[in-house]
Amino acid sequence: MNRFLNIQKLAALTLMATPMLTACSDDDNSTTDLGPLTPAEEVFGKATGNISADEWYPGGQLGTTTEASYSDPAPAVENIAGMEEDFNTGEDFFEHLYTLEQNPRKGLGPAWVRNSCIACHPSYGHGKRQTEYRANTVGNGYLLVIYHPDTNGYITEVTGMPQTQAMHPFKAPIDETQISIDWKNVSQMESGLPMQFADGETYSLIYPEVRIPQSAFNTNPKPENYDVRLESTIGIYGTGLLDALNDEDIEAQWKAESPYVELNPAMWDKEAGTFKAGAYYSAPYNDLGTFRGSHGPLKRFTYAMTRGSLQDGAGANAIWNITNVTRSDRHFLYTTPAWAKAQSEDSEVISYIKQHGQAESSILHPYYADGTDAGISERVNDILSVSSIAKKETFDKYLFNGAPYNGQEEMTDKQYYQFMVWHRGLAVPAARNLDDPQVQRGKELFTQMGCAQCHRPSWKTGADNMWVDASTKAYADANGLAKDGDYTKLLPKYPNQTIWPYTDMVQHRLWMVNDIRTGWCRTTPLWGRGLSRLLTGADDRLHDCRARTVVEAIMWHGYSKKSDAYSSTEKFYKLSKADRDAVVKFIEAI
């Protein structure tokens with residue numbers, strides 16, 4: 001689909017963003033401005049200099065939007081009659097607040113992480129750096145990572161995505177007012193790289209120290225021997241295209257890199273030259289008879305690569321985890337026994353339910369039991385501790401709002417399907433300024449420095465016979481939508497597309513101070529990030545938003561000589577000012 005950039009719209013956005021860009025700039029760390037976002041029509045989509053025609057379309061012909069937007073539907077959505085309507089409905093679930101009782105965005109109870117999806121993904125982009133943790137701050141894309149430093153395992157007293165909000169009278173699993181985020185300055189690089197370039201330009205680096213005192217946990221028991229890190233959301237556009245990559249191609253990339261860098265031993269069997277069983281999602285593919293063994297798709301989403309399919313990926317889980325909205329395949333709560341026990345022993349909780357929970361119209365009714373302190377306590381503990389599918393029958397038997405909960409999921413199969421049409425159908429914005437000689441110089445240097453070894457420029461998607469979840473199958477079966485057994489036709493597909501995400505889909509270690517949990521982090525795609533300041537008002541980068549500019553992000557890669565990217569960072573450090581600016585301008589163009 002050879003659509004040209006919407007020149008008037010982009011020009012208007014650029015003018016609107018000018019004050020914001022000035023306000024957000026840092027004199028000591030300033031980079032080149034975005035420049036003209038709209039090349040002449042005779043240039044866009046054509047080979048120029050060292051740029052191929054394909055590179056203007058990072059998401060391929062089926063996955064690229066020519067609007068300056070992270071929220072546009074891909075041509076793969078627009079080309080199929082009726083799918084855009086489902087996309088728009090799914091978008092509504094992402095953009096609006098969830099409530100305790102009111103459909104169609106019912107959820108939240110009894111505890112939650114956020115009351116909307118977009119709060120974590122401002123304008124569908126990367127989260128913004130925060131100086132305090134407040135769940136209701138739009139743009140706070142942080143998730144609290146609370147873990148035992150001796151094992152790197154998450155604590156069990158709170159959920160894996162820790163909750164700081166709860167419905168009255170329950171007390172949030174973590175009191176967020178006691179969470180502190182202190183930003184520390186790096187005085188010198190562990191690697192020895194000076195914090196001033198040879199031409200006199202300086203840069204500065206900051207990193208967060210996060211503290212959660214034991215008193216902040218409303219759990220029994222309270223956690224012990226724990227540490228805290230922050231992980232921010234990344235842009236969700238184009239994730240359907242990464243889902244369309246063949247498992248075998250990703251494995252080939254890991255195998256190609258294994259002789260030169262250490263790979264995560266939890267994922268990779270170095271001796272066998274292949275992935276370990278735990279690197280695959282356990283639920284098998286439904287792939288029209290193609291033999292793949294008993295395992296499901298290769299894990300590829302989240303920094304830690306914990307999710308193997310977009311339909312069991314960060315977004316699909318978040319619609320349940322983040323808002324605690326139940327679905328037909330998840331008829332239970334996202335809670336922990338430690339929190340349930342603490343609430344069942346809290347006299348203020350018991351007293352309030354005793355006064356307000358008797359009426360069947362009350363959302364507290366199922367906790368009321370026989371109205372005695374002992375009965376309420378037992379019921380609170382029973383319901384709030386039901387956090388696994390094995391116990392869902394216990395949860396289903398109780399009454400919510402005077403109606404049997406069994407069969408009354410808060411998000412229907414159709415609604416979840418529409419949410420996945422939207423999630424898988426988000427396009428990548430077209431590249432910009434690729435005809436600029438400085439951008440082309442930046443691309444040349446990006447390759448010469450070795451950046452492209454981890455930020456692999458392009459991939460080719462496969463047939464995209466995706467893994468399909470139980471809820472989508474249930475919706476299709478109930479409505480006769482997949483009579484030929486091909487459930488993959490129900491969702492946007494991206495077969496045989498050349499895409500330019502700039503990631504190798506491999507986990508690397510940068511050895512930064514206060515690094516990400518485990519130290520292993522998937523190479524983040526760079527596509528579309530150059531629009532972040534324009535669309536979200538911030539350009540914060542890396543897993544915890546410690547990098548405020550592209551230059552800071554690059555220099556963090558060389559904080560330690562042990563970093564997989566130290567050599568590339570050292571080469572960047574030695575560049576002239578003009579060449580450094582060219583590299584930055586290239587990264588912002590793709």
Side-chain angles (χ1 to χ4, degrees), residues 21-22 24-37 49-51 55 126 129 185-207 431-457 500 502-503 508 510 512 523-534 538-542 545-561 563-590:
L21 295 178
T22 303
C24 293
S25 68
D26 183 279
D27 290 341
D28 293 330
N29 296 285
S30 61
T31 61
T32 55
D33 61 27
L34 288 175
L37 291 172
N50 60 356
I51 302 293
E55 291 177 70
H126 195 289
R129 187 172 67 89
N185 290 300
V186 172
S187 58
Q188 61 182 18
M189 301 279 271
E190 184 183 282
S191 64
L193 284 176
M195 301 190 72
Q196 179 173 327
F197 298 106
D199 50 47
E201 182 180 18
T202 61
Y203 64 93
S204 62
L205 301 180
I206 60 173
Y207 64 92
R432 303 151 305 282
N433 304 328
L434 298 186
D435 57 326
D436 186 329
Q438 193 178 18
V439 170
Q440 294 179 14
R441 172 62 175 162
K443 179 186 178 182
E444 179 184 2
L445 292 165
F446 188 85
T447 303
Q448 288 178 0
M449 292 187 301
C451 302
Q453 292 178 9
C454 293
H455 288 283
R456 172 178 165 175
W500 299 79
Y502 284 86
T503 172
H508 293 280
L510 300 184
M512 298 183 290
T523 304
T524 300
L526 297 180
W527 55 6
R529 286 303 314 277
L531 289 170
S532 183
R533 292 198 303 279
L534 186 69
D539 196 30
D540 302 319
R541 293 173 182 250
L542 300 184
C545 299
R546 64 176 61 196
R548 295 159 291 186
T549 66
V550 176
V551 170
E552 289 184 18
I554 294 172
M555 295 313 298
W556 266 118
H557 285 60
Y559 175 78
S560 170
K561 286 188 176 181
S563 167
D564 288 354
Y566 172 74
S567 175
S568 296
T569 310
E570 185 181 34
K571 291 174 183 175
F572 177 81
Y573 174 81
K574 293 178 178 179
L575 293 178
S576 66
K577 166 68 173 171
D579 278 350
R580 292 198 307 274
D581 286 349
V583 171
V584 171
K585 196 165 187 179
F586 167 70
I587 291 172
E588 292 191 330
I590 56 178

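None of the values given here were measured: they were computed from a predicted structure.
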Does N185 reach the main-chain N or O of S187 with its side chain, forming a donor-acceptor pair under 3.5 Å? no

If you measure from the Lys or Arg side-chain nitrogens to the Asp or Glu carboxylate oxygens, is any gap between K577 and D581 under 4.0 Å? yes

Output for pair (M449 CE, K574 NZ), nearest 0.5 Å, gives 13.0 Å

Could you check whether any side-chain heavy atom of F446 comes within less than 4.5 Å of a side-chain heavy atom of L526, counting everything from C-beta outward? yes

Does the distance from a Lys or Arg side-chain N to an Asp or Glu carboxylate O, for K443 and E55, drop under 4.0 Å? yes

Which residues share a side-chain contact (heavy atoms from CB on, under 4.5 Å) with D579, sequence neighbours left out: R441, L445, L575, S576

Less than 4.0 angstrom from a charged side-chain N to a carboxylate O is my criterion; do R432 and E588 meet it? no

Would you mind telling me which of W556, F197, Y573, Y559 makes a ring-ring contact (aromatic ring centres under 6.0 Å, His included) with Y203? F197

With sequence neighbours left out, the residues meeting ring pair (Phe, Tyr, Trp, His ring centres under 6.0 Å) with W500 are none

Close side-chain approach of I554 and F572, heavy atoms under 4.5 Å: yes

Please tell me whether E190 and S560 have a donor and an acceptor in their side chains that are separated by less than 3.5 angstrom. yes

Hey, are the side chains of I587 and R541 touching, using non-hydrogen atoms and a 4.5 Å cut-off? yes

Reported OG-to-CD distance for the pair S567 and Q453, which is rounded to 0.5 angstrom: 8.0 Å

So do C545 and H126 actually touch side chain to side chain, heavy atoms under 4.5 Å? yes

Checking side-chain contact (heavy atoms from CB on, under 4.5 Å) for the pair H557/L542: CA distance, chi angles, key distance, verdict? CA-CA 10 Å; H557 285 60; L542 300 184; 4.1 Å; yes

As a quick check of understanding, evaluate side-chain contact (heavy atoms from CB on, under 4.5 Å) for E201 and R580, giving each step before the final call. CA-CA 11 Å; E201 182 180 18; R580 292 198 307 274; 2.5 Å; yes

Please determine whether a side-chain nitrogen of the Lys or Arg among R546 and D540 lies less than 4.0 Å from a carboxylate oxygen of the Asp or Glu. no

Looking only at atom types and distance, does a side-chain atom of T503 sit under 3.5 Å from a main-chain N or O of T523, one as donor and one as acceptor? yes

Does NZ belonging to K571 count more than 12 external heavy atoms closer than 6.0 Å? yes

Could you go through the side-chain contact (heavy atoms from CB on, under 4.5 Å) check for K585 and D436 one step at a time? CA-CA 9 Å; K585 196 165 187 179; D436 186 329; 2.8 Å; yes

Of E552, R533, R548, the one forming a side chain to side chain contact (heavy atoms under 4.5 Å, CB included) with D539 is R533

Value for NE2 (H508) from SG (C454), rounded to nearest 0.5 Å, stands at 3.5 Å

When rounded to the nearest 0.5 angstrom, what distance separates SG in C451 from CZ in F586? 9.5 Å

Between E444 and Q440, do the side chains contain an N or O donor and an N or O acceptor separated by less than 3.5 Å? no

Residues M189 and M555: closest non-hydrogen pair is CE-O, 3.2 Å

Closest heavy-atom contact between G450 and S568? C-OG, 3.5 Å

Within the structure provided, determine whether D435 and I51 are in side-chain contact (heavy-atom separation under 4.5 Å). no

Is T569 close to L193 at the side-chain level, that is, under 4.5 Å between some pair of heavy atoms? yes

Which atom of S532 lies closest to which atom of A538, heavy atoms considered: OG-O, 2.6 Å

Check: S563 side chain, G558 main-chain N or O, donor-acceptor pair, under 3.5 Å: no

